[in-house]
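Computed over heavy atoms, backbone and side chain alike; hydrogens, waters and symmetry mates excluded. Residue numbering restarts at 1 for every chain, and letters A, B, ... go by the order of the sequence lines.
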Amino acid sequence: MERGSDPSSSSIDKTKVLDVKPLRSLAPVFPTAPPHPSGSFPFFPFGPQASHGVNQNTPTSGAIPAPIRSYRRPDGEGLNEGLPVKPKRARKSKSSEKKPKKKSQDPGSDLSSLFGISLAQKEDGDGEVVNVVLIAFDAIRRRLSQLEDAKELSTGLIKRADLKSGNILMTKGIRTNMRKRIGAVPGIEIGDIFFFRMELCVVGLHAPSMGGIDYMTPRGESEEEPQAVSIVSSGGYDDDVDDSDVLIYTGQGGNSNKKDKEVADQKLERGNLALEVSSRRHNEVRVIRGMRDAANPSLKVYVYDGLYKIQESWRERGKSGGGVFKYKLVRMPGQHSAFAVWKSVQKWKEGNPSRNGFILADLSSGAEKFPISLVNDVDYEKGPAHFTYSQSLKHPKSFSLVQTSSTCNCHSACVPGDLNCSCIRRNEGDFPYTGNGILVSRRPLVHECGPACKCFPNCKNRASQTGLKFQMEVFKTNNRGWGLRTLDPIRAGTFVCEYAGEVIDRSKINQNGEGDEYVFDTTRNYSSFKWNYEPRLLEEVSSNDSSEDHTIPSLIISAKKVGNVARFMNHSCTPNVFWQPVLYEENNQSFLHIAFFALRHVPPMTELTYDYGVSRSVHTGSSSTPKGQKKCLCGSSKCRGSFG
DNA sequence: GCTGAATCAGTGTT
DNA sequence: CAACACTGATTCAG
């Protein structure tokens, strides 16, 4: 399910692409950190994707970093193409000598090299660049939302942060799969989810920002017939979406978008014509299913449900009176299930008990807002070793406060942009979360409001204290023991859970029993990764706090005896969750907590993983698994081989 | 190349 | 909450 971590998914050959992947290191690279005194360590939350030393023994990174242009397109990679499409500008011999043409864009506006996106990757993507573009999109969108939230109501300048962010990426060249194609889109996997139409746009899955039918007309061919490439079914028309393998899709047009209420008959043109042609040619059509997010009914989720073929088409009279086209699309066999997974989850939630491997309804015994079910459909193990479920983090009495406590005096709720709020000021004036509770940026420390703040408990600046936001379950993995996965779709930046347990002293790490299992340690070496927005895309002065050495206090938590769902999260070298230090006051002291947030959108039934980091006591660089480390089984194509 | 039209968005307001 | 109004971005067609 997870991108790049499913060994069984051999649909896309990524290895070729990744082998020649350009190194994304134009931005300053942090030097390898020197050993630091115990108690603190440099923390680079805004750091660009640095070339980690851990990867040095792979053949790829051992070579000299290739210049951006050296990307070679793997030939013979046309396994998805349903029809030959010419490499567009390969033979524009006519106008190729006169080259002052600036494609309606000033040349300086292309910032794709900042993100390591090559020209070839703009035309044809891969999993890597798709991730980069999607992360960039959401980071800008969150930032624009944050700015809008903080604005006075009178100057609501930035409406529609989704459109704005998408537009910025499109004009700056931060996009991929611009070449339209029939069939699968490289880098996008069946089951991937999206929360905005613009996301489909910037990764080349579906180009129109609104339209439901995307199509193309191959130019230069004798017959210039439009052919459909993808459709979005999300409730705008009267589609039949009951079956997870069959979709009755309604053609476009005929709506009275004007004041006059008259409905017209749909015409056989544009998308309708394209679908007709695709039906006759038996072309594959990508299907994106959109629906309301059950957990967040105001939003829509889009699921890429793979390739379909149009089995038949007909005309009928629509409910509003006009003639409409109908297309019966049937899902092609042999694809991973995507939308079908959603339907299964829905059934389980409705209490349908016929579930394979179901062991326990609620591992948390009511401690959490949602039941945490326990499932094993792999073997006969009946559950993890005993522990006490607790939502909270237990500090020992002797724990020294990290920082003087402080509270804000806001009434009812802290308002973004209100610099009278001391909690906001501690976050450098930025409200850490957007209106719907999504983390905007990683920071050295997020200051949340605490129990003694005057604001109400539902103040938005308590995102990590108000319980789980979606349903999860503990399940038995194939080869990594128990794991944690989500039943609901998760948006990037959503709070996942805190790391609960007992705060312990460093000397106790290996005392409690066997090794450091179920131990979280802030002082390990963690790979930096880029998640925050790129200031240069917003014409913000890049605040140079990105290059400062941020230190956060040492915190070690053992969840061996007491813990919550976080103790079940496995390690991955390409994780979908990251941790973020959060500080708030309790009992007149400020305490540090570790909160986990979704790194990217996570589809239902996907395992949640984060980067365990590497203990500072072990030496990396050896080709075999270093002493004290565990062999990594995350299955990622970027796996470092070991962790711990 | 420019302009306008079409379009299964997304928010905010009533 | 449903209907509505309103502002939009992209791509296509003329």
Practice task
Keeping to residues at least two apart or across chains, list the side chain to side chain donor-acceptor pair (under 3.5 Å) pairs with something in residues 285-302 of chain A.
Solution key: A/R289-A/D305, A/R289-A/Y308

Handout entry: Sequence neighbours excluded, every pair satisfying ring pair (Phe, Tyr, Trp, His ring centres under 6.0 Å) that has a member inside residues 171-218 of chain A
Key = A/F195-A/H601

Practice task
Only counting residues at least two apart or in another chain, list the ones meeting side chain to side chain donor-acceptor pair (under 3.5 Å) with A/R425.
Solution key: none

Exercise for the section: Quick one: list whatever passes ring-ring contact (aromatic ring centres under 6.0 Å, His included) with A/F597, sequence neighbours left out. Expected result: A/F495

Problem - DNA chain B stem ranges, 3 or more consecutive Watson-Crick or G-U pairs under 3.5 angstrom - result: B:2-7 with C:9-14, B:9-14 with C:2-7

Handout entry: Partner residues of A/F578 under the ring-ring contact (aromatic ring centres under 6.0 Å, His included) criterion, sequence neighbours left out
Key = A/F529, A/W531

Handout entry: A/K328: partners by side chain to side chain donor-acceptor pair (under 3.5 Å), with sequence neighbours left out
Key = A/Q311

Practice task
Can you tell me which residue pairs pass the salt bridge (Lys or Arg N to Asp or Glu O under 4.0 Å) test with a partner in residues 238-252 of chain A, sequence neighbours excluded?
Solution key: A/D238-A/K319

Practice task
By nearest nucleotide on DNA chain B, pick out whichever of A/T250 and A/R141 is the more 5' one.
Solution key: A/T250

Handout entry: Touch class at under 4.0 angstrom, heavy-atom based, for A/G290 against every strand present
Key = nothing

Practice task
Name all pairs fulfilling the salt bridge (Lys or Arg N to Asp or Glu O under 4.0 Å) condition that reach into residues 194-215 of chain A, sequence neighbours left out, sorted by first residue then second.
Solution key: A/K180-A/D214

Below 3.5 Å is the cut-off: list the nitrogen or oxygen pairs between protein and nucleotides 12-14 of chain C, distance only.
unit_1: C/dC12; atom_1: OP1; unit_2: A/K180; atom_2: NZ; d: 3.1
unit_1: C/dC12; atom_1: O3'; unit_2: A/Y215; atom_2: OH; d: 3.4

I'd like a list of close polar pairs between nucleotides 12-14 of chain B and the protein, N/O only, cut-off under 3.5 Å.
none

Handout entry: Distance in Å, A/Q227 CD paired with A/S279 OG, rounded so as to fall on 0.5 Å steps
Key = 12.0 Å

Fill in the blank from the handout: The side chain to side chain donor-acceptor pair (under 3.5 Å) partners of A/Q471 (sequence neighbours excluded) come to none

Exercise for the section: Could you check whether A/R289 gets within reach of a base, just the sugar-phosphate, or nothing at all, counting any heavy atom under 4.0 Å? Expected result: nothing

Practice task
Mind calculating the distance between CZ (A/F196) and P (B/dA9) to the nearest angstrom?
Solution key: 12 Å

Exercise for the section: Examine B/dA9: is either OP1 or OP2 under 4.0 Å from a nitrogen or oxygen in the side chain of A/R197? Give yes or no. Expected result: yes

